[in-house]
Amino acid sequence: MRLIRCLALLALGVMMVAAVPQAHALDAVSVRSDAPAIDLTGVLEHLHSDNDRVQISTAPGNDGIVRRVEVRAREGGQNWVVFALANNSDDQLDRLIVAPHYRMVGSGLLWPDLGMSRIATITPSTGDRPERQDSATADIFRVTLDPGSVITFVAELRTDKLPQLYLWEPEAYKDKVNSFTLYQGIVIGISGLLALVLTILFVVKGSIMFPAAAALAWAVLVYIGIDFGFWGKVLDMSSGAERVWRASGEAILAATLLVFLFAYLNLSRWHVRYSHITLGWLAFLGSLVALALFDPAVASGIARISLVLIAFAGFALIVYLSTHGFDRAVLLIPTWFLLVVWVVASGMAVAGTVTNDIVGPALLGGLVLIVMLIGFTVMQHAFSGGGATGGVISDVERRALALIGSGDLIWDWDVSADKVFTSPETEALLGLKRGALEGSAASWLEVLHPLDQDRFRAALDSVLDQRRGRLTQDFRLRTPDGHFMWFSLKARPVVGTDGEVTRVVGTLTDVTEIKIAEERMLHDSVHDNLTGLPNRRLFIDRLGAVANFAKTMPALRPTLMVIDLDRFKQVNDSVGIAVGDSILLTLARRLSRILKPQDTLARIAGDQFGLILLSEQDPAKITAFAETIRKTIKAPIAFNDREIFLTASIGLALSDPQTQLSDEIIKDAELAMYHSKRIGGDRIDVYKPAMRARKSDRLTLESELRRAIERKEITILYQPIVRLEDRSIAGFEALARWDHPKLGRMSPSEFISIAEEIGLIVELGTFVLDQTAKQLSIWQRAMRAREPIFASVNVSSRQLLRHDLLHDIRTVTSRSSVARGTLKLELTESLVMENPEHAAQMLQRIRELGIGLSLDDFGTGHSSLSYLQRFPFDTIKIDQSFVRTTSRGTRPVILKSIIALAHDLGMDVVAEGAETDSDAVELYQLGCEYAQGFAFGEPMDADAAMKLLTEEQRLEAAS
């Protein structure tokens with residue numbers, strides 16, 4: 001039994017030893033007798049124990065033996081630091097181990113270390129425990145090192161942080177404390193005196209800036225008193241209370257600084273929003289004082305961040321107000337700049353970037369200096385200005401004061417002596433030497449603008465001749481650097497007893513800014529604000545000037561061009577109006593670079609430019625120049641890692657001796673441009689008289705399109721879609737045409753874009769859908785013996801985005817009885833991908849109404865397959881570009897992949913653009929069910945389609 005008990009006790013001892021943290025052998029710091037201080041912070045070994053004991057290996061002694069020492073905590077701490085000291089001298093050394101309670105350096109910005117007692121006790125490996133010395137600002141222990149001894153010290157910490165540990169020679173430490181005490185006393189004395197003076201100033205002067213400055217001075221006094229440990233000595237505060245006071249002091253310092261800035265700049269007078277911001281900020285900082293009672297570190301961190309924000313935001317506000325003529329802000333710039341520097345330096349200190357012991361006291365001294373400069377600025381306001389003027393002034397004095405207050409300059413011409421006097425400010429404004437404008441009236445002609453000299457001379461002569469009236473004259477005076485300033489002279493003649501004018505007296509006013517504004521308004525009235533090019537008004541005016549010039553030079557043949565960007569509205573919709581404006585500015589600069597000085601480029605509409613070409617007369621060169629413009633516009637424009645490509649439709653109007661250079665030639669060029677745009681754009685067309693007979697202007701076309709449905713001018717044609725298996729007609733695609741009474745039949749490319757721009761596309765689309773449904777119902781009733789015919793109708797983006805589309809579909813289907821799924825809506829890839837989430841919801845609801853859905857122009861857009869399988873399409877229409885290239889064998893793999901993809905998704909395939917029978921055969925071999933193209937019939941009216949269906953049914957019955 002005894003053996004078992006012994007083994008159990010041995011195991012328990014081993015477990016207890018294993019549970020105690022152990023430190024490795026240390027390197028001892030050699031202590032020299034001539035070293036006043038040694039920084040031990042970098043050689044400390046930090047340990048953390050799970051209980052109240054720690055085991056260490058001591059530093060090797062002179063005999064090289066490393067001993068094991070176990071230390072037990074006196075206050076139950078679990079944080080330790082270990083260090084070793086060696087006295088290699090022959091003298092006994094007394095030293096002080098000093099750990100400051102608080103250091104600004106390295107304290108941190110967020111959750112800062114606000115200081116506390118760091119060391120509970122220090123245990124040496126040999127000898128007596130170091131004796132604790134009395135100090136309110138640091139933990140100080142006195143140690144004695146015998147000659148040749150090596151002692152390892154284990155310090156029990158009260159916190160997990162030990163920002164600094166120094167070994168001081170006692171007298172050196174005493175000298176350091178005395179020197180800092182003297183410095184701290186001087187700083188506190190200056191700060192207290194400054195706070196007292198500002199308080200007295202507050203009593204003498206009632207302005208709000210003085211109590212704000214006094215409060216700031218008292219806050220600084222309280223703050224540095226806490227940091228220097230002054231209040232701890234006076235009030236005998238504990239370390240916990242000192243942390244609360246320190247956090248509260250920083251919050252109060254930030255609050256009083258904010259109050260001073262608000263009061264000094266007098267923000268409450270004109271800036272109500274600044275008052276609200278300041279009151280809210282002050283309430284927030286006031287709550288930090290309450291928060292400091294519970295968590296001083298959090299309160300201090302927030303206060304420090306607030307101080308940084310106040311400094312930088314205040315400096316930005318001061319600079320802003322200074323640039324707007326606020327004198328108080330100008331006076332505060334140097335002081336607040338020093339405050340910003342102080343905040344940056346303090347941030348470097350608390351972040352640990354600078355670590356010198358002098359940094360903290362120096363920063364506090366700098367803060368007192370900044371407050372002193374603030375006090376001087378406030379005193380300057382307090383004592384500026386003289387005493388009150390007398391209450392009774394004469395009418396002459398009142399007029400003189402009013403003249404001074406107006407800021408106008410005096411202008412006096414002594415006619416008898418022929419000498420002009422003007423206020424010295426006039427010469428200062430012009431940058432001239434004092435007295436440069438004093439002399440005869442004729443000497444003023446030397447500094448007047450050449451165009452103003454005759455008017456000035458005539459105005460003075462008129463006053464002398466008429467001996468009455470009022471002289472009002474605007475003229476320009478030259479500065480030494482050659483530019484001119486505008487002045488307005490308002491004067492009256494003074495008539496003597498003999499009836500002659502003896503003086504002309506009045507005022508001069510600097511009106512340069514007004515004149516510049518007028519010139520800017522004049523410029524903006526005839527120039528485009530975005531590009532700076534002439535606008536349509538100035539363009540027409542210059543065209544008139546060219547017309548007058550051409551009368552004197554018959555050989556001159558001006559050429560007029562109208563340049564309109566194709567599909568620029570879609571560019572604006574995709575990239576935004578701001579980017580669209582940047583694109584227009586880029587194009588304007590490009591075009592300006594290829595012109596010659598005699599040519600005129602103008603922006604005559606949103607995305608439309610006009611050009612008067614005088615530099616080229618030969619028709620071939622004119623055409624080549626227009627081609628250069630077209631290529632210049634086609635060059636890609638970089639935007640956000642992508643390139644935007646634009647094209648333009650260019651219309652040319654060539655002048656001849658019979659052509660009138662007026663608004664008509666602009667319309668001719670516009671007609672040529674619209675002709676180019678109508679047949680696809682990205683081309684150049686020269687005006688021909690036949691264009692005027694064929695094409696109405698755009699406004700007329702828009703007006704006529706609005707009444708086209710009422711007048712039954714919209715015709716619907718139907719292009720057959722055949723079933724490739726047996727070449728029977730499976731359905732039709734409905735295509736709208738406008739039978740214009742003057743222009744003839746117009747294709748959708750000529751009027752659909754106009755309908756979209758004027759908001760008529762919804763009404764037009766509903767009309768086509770309703771007419772197609774009615775016709776489909778007629779076909780299906782007539783062809784009951786066979787599979788139901790289907791019909792497809794194109795849908796625009798305006799229709800898809802409207803929730804009323806569902807209502808329109810219900811209305812159409814209720815009027816016309818068609819088989820479920822045979823009335824199909826065709827939507828392009830680009831349309832559904834504009835807003836795929838909305839499109840998916842709308843298409844699902846449309847499908848639930850029994851309407852078929854066909855994806856048109858598949859393969860030309862940028863659709864996502866993940867979205868494609870979410871859309872409830874039953875048919876995919878392959879774009880004709882793939883079908884036509886198949887006949888040449890260049891893209892059969894892509895076409896086969898598209899067909900296979902559609903079948904995997906459970907969709908039928910319709911191929912567009914089948915022009916030959918071989919196309920149809922190859923499409924059928926690839927698995928395509930349907931085809932559409934000129935090989936199976938061109939678009940036809942409803943009667944022709946009915947006849948085609950009837951003939952096909954008759955042939956089927958006969959076979």
Side-chain angles (χ1 to χ4, degrees), residues 519-520 522-550 553 556-566 568 571-572 580-637 644-655 659 661-674 676-677 681-687:
E519 292 175 0
R520 172 56 62 184
L522 179 61
H523 178 274
D524 291 345
S525 66
V526 293
H527 287 82
D528 176 49
N529 291 331
L530 175 64
T531 61
L533 296 175
N535 60 15
R536 190 180 187 94
R537 181 184 301 176
L538 182 57
F539 184 72
I540 294 175
D541 181 74
R542 291 192 178 178
L543 183 62
V546 170
N548 293 330
F549 187 62
M553 295 184 64
L556 184 63
R557 295 288 182 268
T559 300
L560 193 74
M561 295 186 190
V562 174
I563 306 163
D564 189 272
L565 302 180
D566 299 327
F568 191 72
V571 175
N572 270 339
D581 288 346
S582 299
I583 292 173
L584 288 175
L585 182 59
T586 300
L587 292 178
R589 290 173 177 172
R590 284 184 181 179
L591 296 177
S592 299
R593 284 195 291 266
I594 63 176
L595 299 180
K596 293 183 180 179
Q598 59 266 42
D599 302 327
T600 297
L601 177 67
R603 185 186 179 195
I604 58 178
D607 58 350
Q608 198 173 98
F609 296 89
L611 173 63
I612 303 174
L613 184 66
L614 297 176
S615 58
E616 299 293 349
Q617 301 293 317
D618 183 64
K621 292 184 178 181
I622 292 173
T623 305
F625 184 79
E627 180 65 22
T628 301
I629 291 178
R630 189 183 70 85
K631 291 180 179 179
T632 300
I633 294 175
K634 287 190 68 174
I637 299 174
I644 297 175
F645 293 87
L646 294 175
T647 59
S649 300
I650 303 176
L652 274 70
L654 305 175
S655 65
T659 302
L661 290 177
S662 60
D663 294 355
E664 290 301 316
I665 194 172
I666 298 179
K667 292 181 179 180
D668 293 344
E670 287 178 340
L671 288 176
M673 179 272 294
Y674 283 126
S676 173
K677 187 174 290 290
D682 190 21
R683 55 179 285 130
I684 303 166
D685 280 287
V686 181
Y687 168 76

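If you read the sequence from its start, that first residue is 1, and numbering goes on from there.
Between the Arg603 side chain and the Leu533 main chain, no donor and acceptor come within less than 3.5 Å of each other. Asp668 contributes no side-chain N or O that, together with a main-chain N or O of Leu671, makes up a donor-acceptor pair within less than 3.5 Å. For Arg683 (side chain) and Ala648 (main-chain N/O), no donor-acceptor pair under 3.5 Å exists by modelled atom type. In this structure, Asp566 contributes its side chain and Asp682 its backbone to a donor-acceptor pair below 3.5 Å. Side chain of Asp599 to main chain of Lys596: a donor-acceptor pair is present (N/O by atom type, distance under 3.5 Å, no hydrogens or angles). Between the side chain of Thr628 and the backbone N or O of Ala624 there is at least one donor-acceptor pair closer than 3.5 Å.
Separating the CG atom in Leu652 from the CD1 atom in Ile650 is a distance of 7.5 Å, to the nearest 0.5 Å. Taking CD1 of Ile629 as the reference point, atom CG of Leu595 lies at 6.5 Å (rounded to 0.5 Å). Within the model, atoms CG of Leu601 and CZ of Arg593 stand 12.0 Å from one another, a figure rounded to the nearest 0.5 Å. Rounding to the nearest 0.5 Å places CG of Leu646 at 12.5 Å from OG1 of Thr632. Put simply, CD1 on Ile684 and CD on Glu627 are 4.5 Å apart, with the number rounded to the nearest 0.5 Å. Between the CD1 atom of Ile604 and the CG atom of Leu538 there is a distance of 12.5 Å, given to the nearest 0.5 Å.
Between Pro534 and Ala602 the shortest heavy-atom distance is O-CB, 3.0 Å. Of all heavy-atom pairs between Thr647 and Ile633, the closest is C-CG2, 4.3 Å. Between Leu560 and Ile666, the shortest heavy-atom distance links the atoms CD2-CA, 3.3 Å. Of all heavy-atom pairs between Met561 and Phe625, the closest is CE-CD2, 4.0 Å. Taking every heavy atom of both residues into account, Phe568 and Gly580 meet most closely at CZ-O, 3.5 Å. Here the shortest heavy-atom pairing between Met673 and Asp564 reads SD-CB, 3.3 Å.
The pair Glu670-Arg536 meets the salt-bridge criterion, with a side-chain N (NZ, NE, NH1 or NH2) lying under 4.0 Å from an Asp/Glu carboxylate O.
Around atom CZ of Arg590, more than 12 heavy atoms belonging to other residues, nucleotides or ligands sit under 6.0 Å away.
Using a 4.5 Å heavy-atom cutoff, the side chains of Leu614 and Thr559 are not in contact. Within the 4.5 Å cutoff, no side-chain heavy atoms of Thr623 are placed close to those of Val686.
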(request) Verify side-chain contact (heavy atoms from CB on, under 4.5 Å) between Leu611 and Thr600, making sure each step is shown before the conclusion. (result) CA-CA 6 Å; Leu611 173 63; Thr600 297; 5.8 Å; no
(request) Begin with the C-alpha distance, continue with both residues' side-chain angles, and end with the deciding distance and a verdict on side-chain contact (heavy atoms from CB on, under 4.5 Å) for Leu587 and Ile637. (result) CA-CA 9 Å; Leu587 292 178; Ile637 299 174; 4.0 Å; yes
